[in-house]
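Atoms within each ligand, like the ligands themselves, are counted from 1 in listed order.
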Amino acid sequence: MKRLGILTGGGDAPGLNAVIRAVSRVSQANGVELLGFKNGYNGLIHGDYMHLTMPHISGLLTKGGTILGTNNRDNPFNFPVQESGKIVYRDMSDKAIENLEKLNIGCLIVVGGDGSLAIARELSEKGAKTITVPKTIDNDILETDQTFGFDTAVNTATEALDKLHTTAESHHRVMVLELMGRYAGWITLYSGVAGGADVILIPEIPWKIEKVAEKILNRKRNGKYFSIVVVSEGVKTPEGDYVIRQTIKESGDPLRLGGISHVISKMIEDTTGIESRATVLGHLQRGGSPSPFDRVLATRYGVAAAKLALDGEHGKMVSLKNGVITSVPFEKIPSGCRVVPTDHQLICAAREMGISFGD
Ligand code: F6P
């Protein structure tokens, strides 16, 4: 094999550059060229790529984002093209495969979340050789214990909680922090425990305002005049609806969640009579330098993906299982997202600590 390809798709996550660096190093050590497609699948369709050599990868380990660029819209199977002055959506997957063949790419490594990974799998079903690397701050990919990016996001969220604590205490307020994670509560659960939250609300556990208020008022009775509530963006309103920040028609999952913390904050104020403020942490969770854990995980994933590709294997996702890096064939990965089991050990430990889940 003379060449490998790599692209980063979906929302960015800390550690993408560390994967690119690892794949590049292993490729170079084996005398194999690495081409990086720009801006996710867009670069693959348009043949827009760069040669990833030493000068490009130097200094990448600590850098957030992705030097290749990314997007969470473009899908080769439903790709926007200009026709008679209008944008229409066409199946361009043949073009993607043709470009891989034209460029003599033995295997394409796709680093992405569920959307990008599903596309890589579809391309593989059409004959392309692909290997995937699970990335997302949400930690919601099935068949791996952890995605890279998650640990850094938890660190960022925990730091935010530490800061909210001081203002909550000074003003005798309830501070509600809203975190990303889509339909899974991993970031909220882990940072909630790490940041000493009093109430943790995640999509997996239905909540009631009476229970949240009870916890806050109990604390007040015990002389704690402030409380910290942490809530996932994917938590539903009492009416059973998501709070939608934006809808992006052409995206695989068009819904962009955001704003539930404002609803909950108002309800807390109305029910307890205690002043409450909401903060939406938003995209800060995706930014910045990867944590040491994510640098290590991304490097391990990158090395494993490159080695699989160099060994001529494909149709697999690299994965972390019980601390060991392994790989899972695409056909063994069920569709859907990995949510927090409601009997997860950390939920049980948090309950023992007196943390309320609003149920
Ligand atoms: O999947 C990562 C993620 O940050 C989610 O936690 C969040 O819901 C979504 O992406 C935000 O997407 P966008 O960057 O398009 O606003």
Side-chain angles (χ1 to χ4, degrees), residues 7-16 19 39-42 64-66 68-75 78 80 110-120 132-142 144 146-158 160 177-192 200-204 230-237 241-263 278-288 290-291 294 297-298 317 335-340:
L7 66 81
T8 55
D12 67 334
L16 282 165
V19 176
N39 305 317
Y41 287 105
N42 197 291
T66 161
L68 289 175
T70 187
N71 80 61
N72 54 9
R73 289 182 311 276
D74 290 338
N75 174 353
N78 190 30
V110 173
V111 193
D114 57 351
S116 314
L117 301 191
I119 294 166
T132 61
V133 180
K135 160 247 61 163
T136 167
I137 62 164
D138 305 338
N139 202 28
D140 63 351
I141 308 277
L142 287 162
T144 187
Q146 194 156 333
T147 55
F148 73 85
F150 169 66
D151 184 70
T152 310
V154 169
N155 287 352
T156 303
T158 304
L177 178 65
E178 176 176 326
L179 298 172
M180 283 184 163
R182 295 199 305 170
Y183 310 105
W186 295 105
I187 300 177
T188 307
L189 174 63
Y190 273 76
S191 55
I200 296 178
L201 302 178
I202 58 175
E204 293 83 351
V230 60
V231 53
S232 298
E233 61 180 3
V235 161
K236 289 180 177 167
T237 63
D241 301 319
Y242 290 120
V243 179
I244 314 282
R245 157 169 59 88
Q246 211 176 336
T247 304
I248 300 173
K249 266 202 326 266
E250 62 275 22
S251 177
D253 177 0
L255 300 188
R256 294 295 180 274
L257 304 168
I260 182 69
S261 55
H262 291 284
V263 176
T279 305
V280 182
L281 195 57
H283 290 82
L284 282 175
Q285 292 159 93
R286 296 223 303 250
S291 66
D294 276 337
L297 183 59
M317 176 184 83
S335 58
C337 102
R338 181 176 161 266
V339 296
V340 183

**Asked** In Å and rounded to the nearest 0.5 Å, what is the CG to CZ distance from D140 to F150?
**Response** 10.5 Å
**Asked** Is any side-chain heavy atom of T70 less than 4.5 Å from a side-chain heavy atom of N39?
**Response** no
**Item:** Protein contact to atom 15 (O) of ligand 1 [nearest heavy atom, distance to 0.1 Å]
**Value:** R256 NE, 2.6 Å
**Asked** Quick one: does N72 get a heavy atom under 4.0 Å from ligand 1?
**Response** yes
**Message:** Tell me the nearest of I248, T147, D138 to atom 1 (O) of ligand 1, using heavy-atom distances.
**Reply:** D138
**Message:** Are the side chains of Y183 and D253 in contact, using a 4.5 Å heavy-atom criterion?
**Reply:** yes
**Item:** salt bridge (charged side-chain N to carboxylate O under 4.0 Å, His left out) involving D114 - partner list, sequence neighbours excluded
**Value:** R182
**Request:** Please identify which atoms of ligand 1 are closer than 4.0 Å to at least one heavy atom of R182.
**Result:** 5 (C), 6 (O), 8 (O)
**Request:** Starting from atom 4 (O) of ligand 1, find the nearest protein heavy-atom neighbour and note its residue, name and distance.
**Result:** R286 NH1, 2.7 Å
**Main-chain N/O of T247 paired to R256 side chain as donor or acceptor, under 3.5 Å** = no
**Prompt:** What's the shortest distance from atom 8 (O) of ligand 1 to any protein heavy atom, and which residue and atom give it?
**Reply:** E233 OE2, 2.6 Å
**Asked** Does ligand 1 have any atom that is closer than 4.0 Å to a heavy atom of R245?
**Response** yes
**Request:** Check if G181 has a non-hydrogen atom at a distance under 4.0 Å from any atom of ligand 1.
**Result:** yes
**Message:** Using a 3.5 Å distance criterion without hydrogens, assess whether the side chain of T66 forms a donor-acceptor pair with backbone atoms of L68.
**Reply:** yes
**Asked** Side chains of V19 and K135: does their closest heavy-atom pair fall under 4.5 Å?
**Response** no
**Complete:** Logged contact type for H283 with ligand 1, heavy-atom cut-off 4.0 Å, is side chain
